[in-house]
K.L.:
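I'd like to ask some things about the structure below.
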Amino acid sequence: MADQQTPASTASANRPTPKDWILGIHAYVPGKSSGKDGRPLTKLSANENPLGTSKAALAARAAALDPSRYPDPDSTDLRAGLGALHGIAADRIVMGTGSDELLNLAAQAFAGVGDEVLYVRYGFSVYDIAARRCGATPVVAPDKDYGTDVDALLAAVTERTRVVFLANPNNPTGSYIGRDEVARLHAGLRPDILLVLDQAYAEYVAPEHSDGALELAASASNVLVTRTFSKIYGLAGERIGWATGDAALVDMLNRIRGPFNVSLTGQAAGLAAVADQGFVEASRLHNAAERARFVEALNALGNHGLRPLPSEANFVLIEFSGKLTAEAAYEGLMEHGYITRWLPGQGLPQCLRITIGTAGQMDEIAAALRTMAEAAK
Ligand SMILES: *Cc1c(COP(=O)(O)O)cnc(C)c1O
């Protein structure tokens, strides 16, 4: 009987004993899509594309072949399509079940017990999980006003550092460092440290502001770039990510990835989506225009302590330092029919992350925030 009281963390002959490092993991918390009463809400909590998905991609997905057959284990056509678009040899591209799989594989391939995995404070929450999953120690460098501090990252490197993760633009902050800073970070790392540049939002950045990550991955032997179909391509539900880097890095990820890790429909939709760059461009322009308009509306609120942090992504993180708190704004926006992302679990109880939606949605959100800020006592 006493056995039933045994906490999961205690080794027992009567049940499988999880590894200590697995017990240290807190499961990823996804953005919600309904309120406390189960009412469906307009979801601006997961950085999905408000324009939906390319029509060509939807058609290709619907026409995908016999689901009783396994998909191509190597996603050959999709890798060829991505390679042609970005000027990368297809054998330097590896696909993942979302870029999430690839982030985890990168940590697992190059770090383990006794090693350190480094990233900046307020970095993407998957990095902590990826580090712990393989038994490595997550190390967090201080931020610079919520953004990436290259000097702080370099100062946090030790002889045990094996992997450095940088999301650029970063989620949940939206912060971005330019080409020179990325190059400086890379130049300051030992060549045996893997630099993972997570570019989930890269397509939202104006081409002239590119951080040069793909060029770095093409020339350096210790840089892996990850990208995803979940954000600008509007295919989050299909779970498709990809990574590129030195052939030896790609080889390591190929050894440990799931053998059929991109579904039949995912490969078909992804290939058609890559061919429809018009949809990508329209999504980028929509986002840039609506993000600018939203930030302007927030700045016009007056002295209510709402500060939109600079964002290069498809969301804006707002810091609340006045009478209206982030929590109250989060609850109030739910009353208005919108679910956004309040982030106390990531050490940001003072902040709300709002995905850029349609023009009408952003007008409603800005108006609701104004009403709440003016009424707050
Ligand atoms: C959304 C996101 C991803 C993408 O995850 P998928 O598994 O490809 O859906 C990766 N990195 C960051 C920083 C993200 O915000």
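One-based numbering, in listed order, for ligands and for the atoms of each.
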K.L.:
Could you pull out all donor-acceptor pairs under 3.5 Å where a side-chain atom in residues 370-377 meets a protein atom, sequence neighbours excluded?
P.N.:
| from | atom 1 | to | atom 2 | distance (Å) |
| --- | --- | --- | --- | --- |
| Arg370 | NH1 | Glu374 | OE2 | 2.9 |
| Arg370 | NH2 | Ala300 | O | 3.2 |
| Thr371 | OG1 | Ala367 | O | 3.0 |

K.L.:
Look at Glu203 together with Arg227 and state whether they make a salt bridge at an N to O cut-off of under 4.0 Å.
P.N.:
yes
K.L.:
Hey, could you give me each pair passing side-chain hydrogen bond (donor to acceptor under 3.5 Å, both in side chains) that has a residue in residues 77-91? Not counting sequence neighbours.
P.N.:
none
K.L.:
Please verify the inter-ring angle class for Tyr28 with Phe124; under 30° counts as parallel, over 60° as perpendicular, anything in between as tilted.
P.N.:
perpendicular
K.L.:
Measure the shortest side-chain to side-chain distance between Arg341 and Val29 over non-hydrogen atoms and say whether it is less than 4.5 angstrom.
P.N.:
yes
K.L.:
Kindly tell me which protein residues have any non-hydrogen atom under 4.0 angstrom away from an atom of ligand 1, grouped by chain and ordered by number?
P.N.:
Gly98, Ser99, Asp100, Phe124, Ala167, Asn171, Asp198, Ala200, Tyr201, Thr228, Ser230, Lys231, Arg239
K.L.:
Pairs in or reaching into residues 320-337: which pass side-chain hydrogen bond (donor to acceptor under 3.5 Å, both in side chains), with residues at least two apart or in two chains?
P.N.:
Lys36-Glu331
